[in-house]
Amino acid sequence: MANSTFTILLGGDLTVTDRLQKAVAASRFIAADSGMRHAEALGVMPELWVGDFDSSDADLIERYPDVERRTYPPEKNETDGEIATAEAIERGATRLILIGALGGERSDHALQHFLHAMSLAERGHDVLLTSGEEEAVPFLTGTMTLDLPKGALFSVIGFTGLTGLDILGARYPLKDYTLPFGSSRTVSNVAEGPVQFHLRDGRAMILARPNDFSGA
């Protein structure tokens with residue numbers, strides 16, 4: 001069976017951790033423009049490199065002459081990251097790991113990564129956004145378990161109002177909670193180990209800092 005996990009290398013911040021390397025170990029890789037600079041840190045060779053290449057310098061391009069490149073004009077309707085994820089889906093991706101999706105110089109790009117990930121999740125794809133230091137997972141209705149070490153910080157950010165929210169296995173558990181849109185009630189919780197979430201209605205993003213035990 002073809003590998004259906006694809007890692008998309010984006011241009012944001014990246015810290016290579018054991019947890020991140022484990023997550024992408026069996027993945028295929030596609031780079032989006034300057035995200036290609038993360039390939040060396042991860043020790044991988046992407047099968048495709050896409051973008052308008054306005055943020056990739058000549059030295060970076062020269063270091064990867066054998067990677068297939070598809071160049072798009074700057075005046076396009078999608079970001080380089082969205083083009084890269086579309087290519088991955090066309091190649092059979094069901095799980096998408098967006099590396100360098102958090103932080104970086106462009107807050108508009110980081111916010112768009114959140115929205116794009118939510119859209120992908122609504123279409124049935126399993127999505128993880130990560131910088132190595134921080135992770136984000138779209139959370140739609142249903143049940144989800146996040147494998148976090150005891151003491152790690154996490155937050156649930158509502159993209160809508162949330163109804164029937166349960167948080168189990170945390171310092172501050174919730175049961176059948178209604179979270180108004182814009183409320184900070186679910187920011188800065190602490191995992192007691194793997195955390196289970198239930199949601200009856202709404203859209204949210206779970207953000208976790210697996211190596212941050214400052215709240216422990």
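Any value given below was found using the heavy atoms of this structure, including those in side chains, with hydrogens, waters and symmetry copies removed. Bear in mind that the values here come from a model prediction, so they are computed numbers and not experimental data.
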Between atom [atom1] of [X] and atom [atom2] of [Y], what is the distance when rounded to the nearest 0.5 Å?
| X | Y | atom1 | atom2 | result |
| --- | --- | --- | --- | --- |
| Leu48 | Met36 | CG | CE | 9.5 Å |
| Glu68 | Ile30 | CD | CD1 | 9.5 Å |
| Lys150 | Phe213 | NZ | CZ | 11.0 Å |
| Thr17 | Leu20 | OG1 | CG | 5.0 Å |
| Arg19 | Glu133 | CZ | CD | 12.0 Å |
| Leu140 | Leu199 | CG | CG | 8.5 Å |

What heavy-atom pair brings [X] and [Y] nearest, and what distance separates the two atoms?
| X | Y | answer |
| --- | --- | --- |
| Gly92 | Phe6 | C-CE1, 4.5 Å |
| Ala101 | Leu10 | CB-CD1, 3.8 Å |
| Tyr64 | Ala39 | OH-CB, 3.9 Å |
| Pro210 | Pro149 | O-CG, 3.2 Å |
| Ala23 | Ile97 | O-CD1, 3.4 Å |
| Pro180 | Thr178 | CD-O, 3.5 Å |

Inset, instruction - List the steps and the verdict of side chain to side chain contact (heavy atoms under 4.5 Å, CB included) for Leu96 and Asp126. - result: CA-CA 6 Å; Leu96 292 157; Asp126 183 4; over 6 Å; no
Is there a side-chain contact between [X] and [Y] (heavy atoms, below 4.5 Å)?
| X | Y | value |
| --- | --- | --- |
| Phe181 | Phe159 | no |
| Leu174 | Thr186 | yes |
| Leu165 | Phe139 | yes |
| Leu162 | Asp201 | no |
| Tyr177 | Asp166 | no |
| His125 | Ile89 | yes |
| Ile167 | Pro173 | no |
| Ser4 | Arg95 | no |

Linking I/L/V/M/F/W/Y whenever any side-chain heavy atoms sit under 4.5 Å apart, do [X] and [Y] land together?
| X | Y | value |
| --- | --- | --- |
| Leu120 | Leu207 | yes |
| Val24 | Leu128 | yes |
| Ile8 | Val137 | no |
| Leu129 | Met118 | yes |
| Leu102 | Leu115 | yes |

Taking [X] for the side chain and [Y] for the main chain, is one N or O donor matched with an acceptor at less than 3.5 Å?
| X | Y | answer |
| --- | --- | --- |
| Ser184 | Val187 | no |
| Arg37 | Ser34 | yes |
| Trp49 | Asp33 | yes |
| His38 | Gly12 | yes |
| Ser131 | Gly100 | no |
| Ser155 | Ile157 | no |

Inset, instruction - Check the pair Val44 / Thr7 against side chain to side chain contact (heavy atoms under 4.5 Å, CB included), numbers first and verdict last. - result: CA-CA 11 Å; Val44 301; Thr7 295; over 6 Å; no
Could you tell me whether [X] and [Y] have a side-chain N and a carboxylate O separated by less than 4.0 Å?
| X | Y | answer |
| --- | --- | --- |
| Arg209 | Glu135 | no |
| Arg200 | Asp176 | yes |
| Arg63 | Asp59 | yes |

Inset, instruction - Report yes if the distance between the aromatic ring centroids of Phe197 and Phe154 is under 6.0 Å, otherwise no. - result: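 Yes, the ring centres sit under 6.0 Å apart.
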Inset, instruction - Check the pair Asn189, Arg171 against side chain to side chain contact (heavy atoms under 4.5 Å, CB included), reporting the backbone distance first and the verdict last. - result: CA-CA 7 Å; Asn189 208 331; Arg171 179 179 296 175; 4.1 Å; yes
Legend entry - Side-chain H-bond candidate by donor/acceptor type, His116 with Thr85, under 3.5 Å: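 Checked: His116/Thr85 side chains pair up, N/O donor to acceptor below 3.5 Å.
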Legend entry - Modelled atom types, side-chain donor and acceptor of His198 and Gln196, under 3.5 Å: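 Looking only at side-chain atoms, Gln196 and His198 do form a donor-acceptor pair, the distance falling under 3.5 Å.
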Legend entry - Flag if over 12 foreign heavy atoms under 6.0 Å of CD, Glu40: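 No, the 6.0 Å shell around CD holds no more than 12 heavy atoms from other groups.
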